[in-house]
Amino acid sequence: MIFDDARGEGVTTVGRRALLTAGAAVTLAGCTSSGDGRPEPPSAAERAARAEAALRARSAATGRALLARYDAVLAAHPSLAVRLTPLRASVAAHVAALGEGADSLSGSGASASASASASASASASAPAPPAPPPVPPDPAAALAELAAAVRATADAHAATLLQAPPEYARLLASVAAAGAAHAYLLTAPTKGDRA
């Protein structure tokens with residue numbers, strides 16, 4: 001809001017002193033110390049949130065590597081699209097669910113913005129996942145190798161269960177179970193194979 005004073009100049013309802021005080025308070029909010037000049041160690045809740053964020057990031061990266069395997073097999077063998085596309089879509093949904101909230105869990109309170117920017121820069125500078133291995137020219141061999149990769153990914157998610165908080169452990173268990181079902185579907189004979 002702007003009002004005119006006696007000289008005809010505009011005066012705002014928020015003075016410069018109030019703005020400077022607010023700016024200083026925001027700046028100092030991120031600078032906590034234990035009184036001797038050293039920053040305070042993170043609380044147990046902050047450490048747990050950071051560990052969960054790292055776990056989510058690793059689980060999502062594992063899923064993205066599997067997604068790249070699906071893409072490589074689909075590119076090499078377009079005739080498998082009918083069989084692989086629904087499974088690939090499921091893996092993509094799993095990757096999204098596994099990585100959901102990883103950035104928001106990396107910090108809380110006044111240090112949230114600093115932690116979020118640190119995790120954003122860490123994820124931006126993280127190396128790209130390795131390229132998937134070459135796809136065999138035989139579609140049956142490609143399916144067998146993809147099934148092995150699906151099993152390995154499901155096993156990795158199952159192994160992570162012990163480190164995960166309860167809610168995330170349930171998600172990992174569901175994704176691991178879906179992976180086991182996908183591996184079965186990739187190795188089970190189709191109607192055309194039984195003839």
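All values below were derived from every heavy atom in this structure, side-chain atoms included, with hydrogens, water molecules and symmetry-related copies excluded. Everything quoted here is computed from the prediction, not taken from an experiment.
Residues satisfying the side-chain contact (heavy atoms from CB on, under 4.5 Å) test with A141, not counting sequence neighbours, are P136, D138. Under the side-chain contact (heavy atoms from CB on, under 4.5 Å) criterion, T62 pairs with T153, A156, H157, not counting sequence neighbours. Every residue two or more places apart in sequence or in another chain was checked for a side-chain contact (heavy atoms from CB on, under 4.5 Å) with S174, and none qualifies. R88 pairs by the side chain to side chain donor-acceptor pair (under 3.5 Å) definition with D71, not counting sequence neighbours. Under the side-chain contact (heavy atoms from CB on, under 4.5 Å) criterion, P86 pairs with no residue, sequence neighbours left out.
Under a hydrophobic-cluster definition in which Ile, Leu, Val, Met, Phe, Trp and Tyr are linked whenever side-chain heavy atoms come within less than 4.5 Å, directly or via other members, L66 and L161 are assigned to different clusters. By the rule that hydrophobic residues join a cluster once side-chain heavy atoms approach within less than 4.5 Å of another member, V95 and L172 end up as members of separate clusters. Residue L67 is grouped with residue L185 when hydrophobic side chains (ILVMFWY) are merged at heavy-atom distances under 4.5 angstrom, including chains of intermediate members. When hydrophobic clusters are built by joining Ile, Leu, Val, Met, Phe, Trp and Tyr residues whose side-chain heavy atoms come closer than 4.5 Å, directly or via intermediates, L87 is not grouped with V175.
The two residues T160 and S59 come nearest to each other via the heavy atoms CG2-OG, 4.2 Å. Nearest heavy-atom pair, Y168 versus L98, reported as atom, atom and distance to 0.1 Å: OH-O, 2.8 Å. The two residues P134 and E145 have their closest heavy-atom pair at O-OE1, 4.0 Å. Residues A176 and A158 share a closest heavy-atom pair of CB-N, 4.1 Å. In this structure, A57 and R64 approach most closely via the heavy-atom pair O-NH2, 4.2 Å. Nearest heavy atom pair, residue A81 against residue L74, reads CA-CD2, 3.6 Å.
Between the side chain of T85 and the backbone N or O of V82 there is no donor-acceptor pair closer than 3.5 Å.
Side chains of E100 and L171 form no contact here, defined as non-hydrogen atoms less than 4.5 Å apart. For the pair H182/V91, a side-chain contact is recorded, criterion being any heavy-atom separation below 4.5 Å from C-beta on. Using a 4.5 Å heavy-atom cutoff, the side chains of L84 and L146 are in contact. The closest side-chain heavy-atom distance from R83 to L143 is below 4.5 Å.
Applying the salt bridge (charged side-chain N to carboxylate O under 4.0 Å, His left out) test to every pair with at least one member in residues 156-185, sequence neighbours left out, gives no pairs at all.
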